[in-house]
Each structure stands twice: as C-alpha cells, then as structure tokens.
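Please read the structure below before turning to the comments.
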Number of protein chains: 2
Amino acid sequence: MGEQGPELEIVHLLRRVTSEFGLRQAEFAARHGMHPTDVRALVCLLDAERDGTGVTAGRLGAELGLNSAGTTALIDRLERLGHLTRTRDERDRRRVLLRVAPQAVELGWEAFGPAIGSAVALLRGFDAGEVAAVRRFLDGFLAAVSQGGAAGTGA
Amino acid sequence: MGEQGPELEIVHLLRRVTSEFGLRQAEFAARHGMHPTDVRALVCLLDAERDGTGVTAGRLGAELGLNSAGTTALIDRLERLGHLTRTRDERDRRRVLLRVAPQAVELGWEAFGPAIGSAVALLRGFDAGEVAAVRRFLDGFLAAVSQGGAAGTGA
DNA sequence: GATATTGTCTCGCTCAGCGAGATGATATCC
DNA sequence: GGATATCATCTCGCTGAGCGAGACAATATC
C-alpha cells in the first residue's frame, strides 16, 4: 500500500483536502453556535438561491441525508438563529419553501470567502490548459463518486 | 455571485466533491453500523499505519476535533466492533496505542477502493503536465486551507 | 366523494459528543 | 528522594442531533 504512482498520491491528497475542509467547517460552525450539518444546509440553500431554484424542506433533507424529523429540527434551528424563513408554497400548500436571510448569505461568504480567495489566487498562476486539467479531474471524479463509485457501494 | 470566471467554478466543483464524498462516507458508515466519525477515525488510523506512525488516543481525538471523553467513547465503539485494539505504551504508560485490525484495513479498501479506482482511471487519460497541475492545485489548496485560510478564520 | 399519496410536523427515544473532574503515569524542582 | 505540576486517558452526568413511527394536512387518482 506504499508508493504506487502519482495517481494514488493525488487521491490521497484529495481525501486530505476534503477532510481538512470538513474540520474547518466544523470549527466555523461551532464558532457561530451551529453544527456542521447546519453549515452544510446553509450551503445547499445558498446554492439554490444562486441557481434561482426554490428549496423545500424535503429537498433540503434529502440533499443532506436526513429524515423528515431531523430536517424539521434542522430548519427549526436555522429559523431560530434567523438564517431562514419558512413560507407556505401557495401552489402546493403541503410544501414549505425556505428562504435564506441576508445575514446567512454574509455568513456563507465569511465561511468560504477565504478558501475561494486562496484557490483563485492559486489558479492565477496556472495557464489555461492547467486550469482545464484541474476542472476536468474534479468534474470526472465528482461524476464517478456521485453515481455510487465511492464509499463501497460495490461499484 | 454569478459567473465570475473559471476559478470560482473550480472552487464550487471542489466543494461539491467534498460534500458528495462526505455523503457517501456517511452512507457507508450507516451500512456498516458505524457513524461518519468512526469512518474518519478509521482513515486516520490507516494513514498512520501506512506511515508507520503509532497513533495514540489523544492524537486521534485531536485529528478529529473531539475532546477526550468523546475520543474514549469513539475508541470504545471501534474496539467493540473489532476494528481496533488498545495497547498500553510501555515507554510511556500513560499512553494508549491504537492498532487497527486486519478487518478494518479491508473495510477501508471497501470504502475507498472504488473512488481510488475511478480517480486512477481518470488520471490515466492525463499527460504528465496535467497530472502535475492537478497535484499542484490540490497541494496548494490544502496548504492554504490548513493554515486557517478557510472557514472564516478571519484570514 | 372515497382512497391513495405526498410533504411536513410531533412525539419518544437512542446515543454521539461535551464539560468537569478523577486517576495513574511522567517530568520538574528543591 | 519526596512534594508538585503536567500529561494521557477514563468516568460520570448531561445536552441535543437525528431516527422511527405515526399524525395530519393538502394534493392526485379513481
């Protein structure tokens, strides 16, 4: 399981990035009286906001791998902290639409701005082909992992 | 917050990779009667095994961001599942050395083998310069994030 | 209009992780 | 060489995130 080539080293590196990222996220969460899950939820909400997609409670829970009870509790927490507002969907009154508060957007920037800055600065030193290579790798890996290639789904 | 260039897109992509990775890890954990933290612990232990570094209870807890009580509980869990054995360090009898069981090594491969395979396959289609670019990016980003550049440490 | 389905919420519970502090082992100082 | 400070781990009691089961609305289906 030692040095088997540059590919393995890269996977290892990627794993360490995700792990380190998770730790920082947890730290950040704690610093703001939240839990890691809450930050992940915020990210989902901000992504949806960016895409213009409306997020319902159910969709959020699915995205985070929570059941409905846990999702309700999560939303309660975020609402209590003022990061979120619930709105009944008027088209389908079973649904609850979630709208992020401006303070949550700001919090998101505080959480990820520095990392974004680092990456952007880093990539400034890359030529177009190199940037493309990075994107191609991440994109391909995401696709592979997403369709069950990771975490022992038996692929 | 829309399309601001290829760099931002890459950060976004990386975030999605880490998020997806985390989800799969949680799934895998649940499928094996464990918790996400347990899998993360296993990874630490396997890394240490690979490097030949002995891991103590304290170091594991620090790596995972747990306090001593939580660390003890975690080790109890893993020991109960047979993934781990405690050994008193004879040089410093305060310490507890952790040794992973063979079944845990196998479990680690089951968890990450497919992802590793995907990445390796993907990288086979890259030339040396492209692979180097990917590594340079991940390495640089890891360094930036590790020294507090991420998650709003104020950097 | 009766029935099945969907989306969210409520209730009760389990257990991961925390804070505080006990305990045993090791450095430090006189 | 014993008193003292520090370190590594563990124990105890507790909080609260997340689960399973099921209630309850609103919407589809017949």
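We name chains A, B, ... by the order of the sequence lines, and we start the count at 1 in each one. Quantities reported herein were computed from a predicted structural model and do not represent experimental measurements.
For T71(B) and dC10(D), the shortest distance from a side-chain N or O to OP1 or OP2 is not below 4.0 Å. R86(B) has a side-chain polar atom (N or O) that falls below the 4.0 Å cut-off from OP1 or OP2 of dC10(D). Between R77(B) and dA16(C) there is a side-chain N or O to OP1 or OP2 distance below 4.0 Å. At dG18(D), none of the side-chain N or O atoms of N67(A) fall inside 4.0 Å of OP1 or OP2 (strictly under the cut-off).
Judged by atom type and distance alone, R94(A) reaches the base of dT6(C) through a side-chain donor-acceptor pair under 3.5 Å.
At the heavy-atom level, G65(B) lies under 4.0 Å from the strands shown only through sugar-phosphate atoms. Among the atoms of the strands shown, none is found under 4.0 Å from any heavy atom of A73(B). Here R91(A) lies in heavy-atom contact (under 4.0 Å) with sugar-phosphate atoms only.
Among R77(A), Q103(A), H32(A), the single residue meeting the side chain to side chain donor-acceptor pair (under 3.5 Å) criterion with H83(A) is Q103(A).
A salt bridge is defined here as a Lys NZ or Arg NE, NH1 or NH2 lying under 4.0 Å from an Asp or Glu carboxylate O, and R15(B) with D47(A) meets this definition. Taking 4.0 Å as the cut-off between side-chain N and carboxylate O, E20(B) and R16(B) do not count as a salt-bridged pair.
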Salt bridge (Lys or Arg N to Asp or Glu O under 4.0 Å) evaluation trace for R136(A) with E130(B): CA-CA 10 Å; R136(A) 192 147 57 89; E130(B) 290 171 329; 3.2 Å; yes
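Between the P atom of dA16(C) and the CG atom of L74(B) lies a distance of 9 Å, rounded to the nearest Å. Rounded to an integer number of Å, the gap from CZ of R88(B) to C1' of dT9(D) is 6 Å. In this structure, L78(A) places its CG atom 15 Å from C1' of dG16(D), rounding to the nearest Å. If you measure from atom CZ of R95(B) to atom P of dT6(D), you get 18 Å, rounded to the nearest angstrom. As a whole-Å value, the separation of E90(B) CD from dT26(C) P is 9 Å. Rounded to whole angstrom, the span from the CG atom of D89(B) across to the P atom of dA25(C) amounts to 13 Å. When rounded to the nearest whole Å, the span between CD1 of I75(B) and P of dG17(C) equals 12 Å. For the pair R93(B) CZ and dC10(D) P, the computed distance is 13 Å after rounding to whole Å.
Which of dG17(C), dC18(C), dT8(C) sits closest to the side chain of A57(A) comes down to dT8(C). With dC18(C), dA16(C), dG17(C) as the choices, the nucleotide that has an atom nearest any side-chain atom of H35(B) turns out to be dA16(C).
Judged by distance alone, the side chain of R99(B) and the main-chain N or O of T87(B) form no donor-acceptor pair under 3.5 Å.
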